[in-house]
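Data block below; observations after.
In what follows, chains carry the letters A, B, and so on, assigned in the order in which the sequence lines appear, proteins first and then strands, with residues in each chain numbered from 1. Because the structure is predicted, anything quoted here is derived from the model rather than measured.
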2 protein chains.
Amino acid sequence: MPKLSDAAIGKRKDVIEAAACELFITQGFHAASMRDIAKGAEVSLGNLYNYYPTKEAIFESIINGYVKVIDDKLKSIFAQIDEPLDPENLRRLGEMAGKLVNEHSDFWLLMYIDVLEFQNRHFRKMFNGITDRFRKIFAKQFDEAAKRGDLRTGVDPATVFTTAYMQFFNYFLVEKLFGGNRHLGLNDEQALNCLTKIFAYGTLSEEKLAKFKKQANKAMV
Amino acid sequence: MPKLSDAAIGKRKDVIEAAACELFITQGFHAASMRDIAKGAEVSLGNLYNYYPTKEAIFESIINGYVKVIDDKLKSIFAQIDEPLDPENLRRLGEMAGKLVNEHSDFWLLMYIDVLEFQNRHFRKMFNGITDRFRKIFAKQFDEAAKRGDLRTGVDPATVFTTAYMQFFNYFLVEKLFGGNRHLGLNDEQALNCLTKIFAYGTLSEEKLAKFKKQANKAMV
DNA sequence: TAAATAAAAATGAACGTCCGTTTTTTATCA
DNA sequence: TGATAAAAAACGGACGTTCATTTTTATTTA
């Protein structure tokens, strides 16, 4: 048999990784067996080793692929946010965080596996210097907001944005994976409004808030 | 051999659970073997089954014990907070959350095991109705704060408090378990100040804030 | 065009080890 | 001695990985 095309190999790997991921996130890394992965991917046990040297290599490949997917989604989210400190945009950030969590909760389950079984070796970089990354992404907007005096004195826009970002993700993760079940006593819509409000009032200057109140939609205020 | 005293049995169980916990949190539930648990506890493999019917029973016993410990610590934390919406007290809540996370990160690792391998069966109750629990705990204070007009209009004190509570824990968990390493670009002290500030400004009425500013310590404003 | 070739891919049995649990044996002390 | 605890041995099965073998198919040859 001649060598398979890269595309064919890639396709097969996708099938294997989909099966493996499903097992990893439902039972953990060690509890998922190579036999079950093979069965799920409709590949023979031995053939798995033509595609990956070890079980851990499958795990790593899944993560690397997923990190790219999520990174891209995040980039597209940030690209949609022209004015990161505007309450309406903050709220949209929250909305999109919710969508991401609900559509890709696997990603965070893999992260918990990594925390537990690999000391978060594969995901550490996601949190490292996250504030500075936001500072770069929104450098222009943060700068202009500061010049305009949009922010309360002593408030660093990048830190605030990161805090809001983390809070949104944490809210939806608790709801989705930890059995929160309306843990704030609100539905998602209301919770988003509430969180956005806290961050808006918590970080914007009185002048900016006044401006915003004028044009705000009712649900927000 | 005569029957062991309950105290002796309890002591032995503590040793077994300590060894098991150590293994669970470093490698996950399935990767930790009964043989290693026995070795760690200096008990024979077979003898483990005189104390626990199954491996999962060990896990459950660890969790039940830990939940009690953490619940007690939380209760004592809340007992120290006479005025939950006062910025200084919010900050102290954050401090104590940090201490709890750093001293008992095992607890959250066990929670991640539970999320992964048991759909969070054993921990769900921790998040269920958490806001309403705070509403009860601080019923008097929230009521009086509302009467005094301490809060911005439309802000529910219990929700706000829960939000702050979650944010503090999440901050320290990211730092401790997810490789955050000053992910807000601040040290813990500064991060606490920043988070407290956001929540204070985000939720307190202008009058209350003015009052607070007068007597605030410098670091906070 | 059809058969032969050969390298790659796929297979599944086999390996040695370890798993959770059970059973049997031994030790202990009123 | 007799009940109980502890240790040891044994159980069947599952684990990740290896490997000799078979199957597959693009290319070469006739």
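Rounded to whole angstrom, the span from the CG atom of A/L45 across to the C1' atom of D/dG16 amounts to 8 Å. As rounded to whole Å, 15 Å separates atom P of D/dA14 from atom NZ of A/K55. Taking atom NZ of residue A/K39 and atom P of nucleotide C/dG12, one finds them 12 Å apart after rounding to whole Å. Between the P atom of C/dA13 and the CG atom of A/N47 lies a distance of 15 Å, rounded to the nearest Å. The interatomic distance linking A/E56 (CD) with D/dC15 (P) rounds to 18 Å, in whole Å. Atom CE of A/M34 is separated from atom P of C/dG12 by 16 Å (rounded to the nearest Å). Between the CG atom of B/D36 and the P atom of C/dT17 there is a distance of 16 Å, given to the nearest Å. Rounded to whole angstrom, the span from the CG atom of B/L48 across to the P atom of C/dT22 amounts to 13 Å.
Side-chain contact of B/Y66 with B/H104: a donor-acceptor pair under 3.5 Å is present, judged by distance alone. In this model, no donor atom of one side chain and acceptor atom of the other lie less than 3.5 Å apart for A/N47 and A/S44. A donor and an acceptor atom, one from each side chain of A/H30 and A/E117, are located under 3.5 Å apart.
The side chain of A/R35 contributes no N or O atom lying less than 4.0 Å from OP1 or OP2 of D/dT17. OP1 or OP2 of D/dC15 sits under 4.0 Å from a side-chain N or O of A/S33. Phosphate contact (OP1/OP2 of D/dA6, side-chain N/O of B/Y51, threshold under 4.0 Å): present. At the phosphate of C/dA9, neither OP1 nor OP2 sits under 4.0 Å from any side-chain N or O atom of A/R12.
The listed nucleotides are D/dG16, C/dA10, C/dG20; the one nearest the side chain of A/Y49 is D/dG16.
The pair A/R121-A/E56 meets the salt-bridge criterion, since a charged nitrogen lies less than 4.0 angstrom from a carboxylate oxygen.
Side-chain atoms of A/S105 do not come within 3.5 Å of backbone N or O of A/N102 as any donor-acceptor pair.
B/A32 comes within 4.0 angstrom of the backbone, heavy atoms only, and of no base.
Residue-to-nucleotide proximity on DNA chain D shows that, of A/A31 and B/S44, the 5′-proximal contact is made by B/S44.
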